[in-house]
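The first residue of the sequence shown is numbered 1, and numbering continues consecutively from there. Hydrogens, waters and symmetry mates are skipped; everything else that's a heavy atom, side chains included, is used. Since the structure is predicted, the reported quantities are computational estimates derived from the model, not experimental observations.
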Amino acid sequence: TTMHGYGLFSRIIPDKDLLVYQAFMATTSVMILALAAVVGQQRRASADLQTAHNELEVRVEQRTEALRREVVERAQAEAALARSRAELAAMFDSISDAIVYADAGRRIAMVNPSFTGIFGYSAEEVKGRTTEFLYPNRGAFEEMGRRRYHVQGAVESGAYEMEYRRKDGSIFPAESTGTPVRDSRGETLGFISLHRDVTERKRRQEELRGLNRTLAALTHSSQAMIR
């Protein structure tokens, strides 16, 4: 046995009990140290978690603002595109000459209202058809294909006069111009052409030529009479 304490507070602890007591105290100390370490880790983890949470909130706010700006910019771009389309449609519809847009195979995709007034066909009647029926004969259609409306090589440019056929079968003269429509890679998407009915202009020109012939004849007769 072993004596522990002094005076009235002294007590005798058997050696075996002393060993148990020391083991208990050592275990308790280890547990206290381990608990302190766990508490410290939890505090650090909590601090790290709060920091991560704060950073996440900042990132969310930044992303939200970026998305907001993106939505606003997209809405503005869509509004501008819609406005441009409306302006283009207004110009397309208001032009007094016939406009024909055909794909690379010369199949009609779009016409303007003036086309109906000049050729007599509605847009629904011509959509998807090749432009051959607008020419007086197949030979004229093929010739213009070789010269202007093809996807291989260079094409002729500038205005030209051509005869066309109306829905009622009548043939009329027109002044035309056409050009390929190409994408950013230079590939031909189709062709757009503009056609102006010059029937009245041709009639006036013929009348003028007739008047000039008459005037020339009268002048010649007057000179003959003077002689």
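For Arg129 and Phe133, the positive end sits near the middle of the six-membered ring, less than 6.0 Å away and at most 45° from its axis.
Using a 4.0 Å cut-off between charged nitrogen and carboxylate oxygen, Glu175 and Arg201 count as a salt-bridge pair. A salt bridge links Asp183 to Arg185: one of the charged nitrogens lies within less than 4.0 Å of a carboxylate oxygen. A salt bridge is defined here as a Lys NZ or Arg NE, NH1 or NH2 lying under 4.0 Å from an Asp or Glu carboxylate O, and Glu207 with Arg203 meets this definition. For Lys202 and Glu161, the salt-bridge test passes: some basic side-chain N is under 4.0 Å from an acidic carboxylate O. Under a 4.0 Å N-O distance rule, the pair Arg146/Glu143 does not qualify as a salt bridge. Salt-bridge annotation for Glu187 and Arg182: absent, with no side-chain N of the basic residue lying under 4.0 Å from a carboxylate O of the acidic one. One finds a salt bridge joining Arg213 and Glu206 here, because a Lys/Arg side-chain nitrogen approaches an Asp/Glu carboxylate oxygen to under 4.0 Å.
Classified by interplanar angle (parallel below 30°, tilted 30° to 60°, perpendicular above 60°), the ring pair His195/Phe119 is perpendicular.
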Worked verdict on Leu189 versus Asp103 for side chain to side chain contact (heavy atoms under 4.5 Å, CB included): CA-CA 6 Å; Leu189 302 176; Asp103 64 17; over 6 Å; no
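A 6.0 Å sphere centred on CZ of Arg209 holds more than 12 heavy atoms belonging to other residues, nucleotides or ligands. Atom CE of Met162 is surrounded by more than 12 heavy atoms from other residues, nucleotides or ligands within 6.0 Å.
Using modelled atom types, one side-chain atom of Arg106 and one backbone atom of Phe141 make a donor-acceptor pair closer than 3.5 Å. Put simply, the side chain of Ser114 gets close to the backbone of Ile95: a donor and an acceptor are under 3.5 Å apart.
For residues 58-79, there are no ring-ring contact (aromatic ring centres under 6.0 Å, His included) pairs, not counting sequence neighbours.
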